Amino acid sequence: MFGFYFLKRADAVITNYAEAKQDADAAFYGRFFHAMLERGVYFAPSQFEAGFVSTAHGDDQITETLAAVEACLNHDLLD
């Protein structure tokens with residue numbers, strides 16, 4: 001099980017849900033979510049939901065997912 005989100009500002013510190021709602025960048029996560037879908041990787045549609053890895057996910061799927069994340073963050077979303 002895992003979760004992650006993007007911050008609106010680098011110095012934000014999130015310790016509770018109210019801070020997460022205030023400082024998490026939902027628009028950026030939305031762009032990330034759709035860019036990953038275009039690459040065939042499905043994450044939860046909300047950054048406040050959990051993701052799961054199972055025994056059905058092998059090294060190939062994890063490597064493919066990490067490559068898609070890197071491509072999204074390095075190219076698609078930072079413009």
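Here the structure is a predicted model, which is why all the values come from computation and not from measurement. For the numbers below, each heavy atom of this structure counts, side chains included, while hydrogens, waters and symmetry mates do not.
Transitive grouping of hydrophobic side chains (ILVMFWY, heavy atoms separated by less than 4.5 Å) brings L73 and F43 into a common cluster. Under the 4.5 Å side-chain contact rule for hydrophobic residues, F2 and M36 share a cluster.
Contact record, K8 with Q22: NZ-O, 3.1 Å, taken as the closest heavy-atom pair. Closest approach of Q47 to A26, counting heavy atoms only: NE2-CA, 3.1 Å.
Residues passing the side chain to side chain donor-acceptor pair (under 3.5 Å) test with T15 are E19, sequence neighbours excluded. Every side chain to side chain donor-acceptor pair (under 3.5 Å) that D11 has, sequence neighbours left out, goes to R9. The side chain to side chain contact (heavy atoms under 4.5 Å, CB included) check on L37 picks up F33, H34, Y42, with sequence neighbours excluded. By the side chain to side chain contact (heavy atoms under 4.5 Å, CB included) test, E49 is found to be paired with A44, P45, S46, residues two or more places apart in sequence or in another chain being considered. With sequence neighbours excluded, the residues forming a ring pair (Phe, Tyr, Trp, His ring centres under 6.0 Å) with F48 are Y17, listed by chain and number.
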Which is it for F32 and D25 under the side chain to side chain contact (heavy atoms under 4.5 Å, CB included) test, yes or no, and what are the steps along the way? CA-CA 11 Å; F32 173 79; D25 192 338; over 6 Å; no
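Rounded to the nearest 0.5 Å, atoms OH (Y5) and NZ (K21) are 13.0 Å apart. If you take CD on E64 and CZ on R39, they are separated by 11.5 Å, rounding to the nearest 0.5 Å.
At a threshold of 4.5 Å between non-hydrogen side-chain atoms, the residues I14 and L7 count as touching.
Taking the six-membered ring for Trp and thresholds of 30 and 60 degrees, Y29 and F4 have ring planes inclined between 30 and 60 degrees apart.
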Side-chain donor-acceptor pairs of residues 52-60 under 3.5 Å, sequence neighbours excluded:
residue: S54; atom: OG; partner: A56; partner atom: N; Å: 3.1
residue: S54; atom: OG; partner: H57; partner atom: ND1; Å: 3.4
residue: H57; atom: ND1; partner: S54; partner atom: N; Å: 3.0

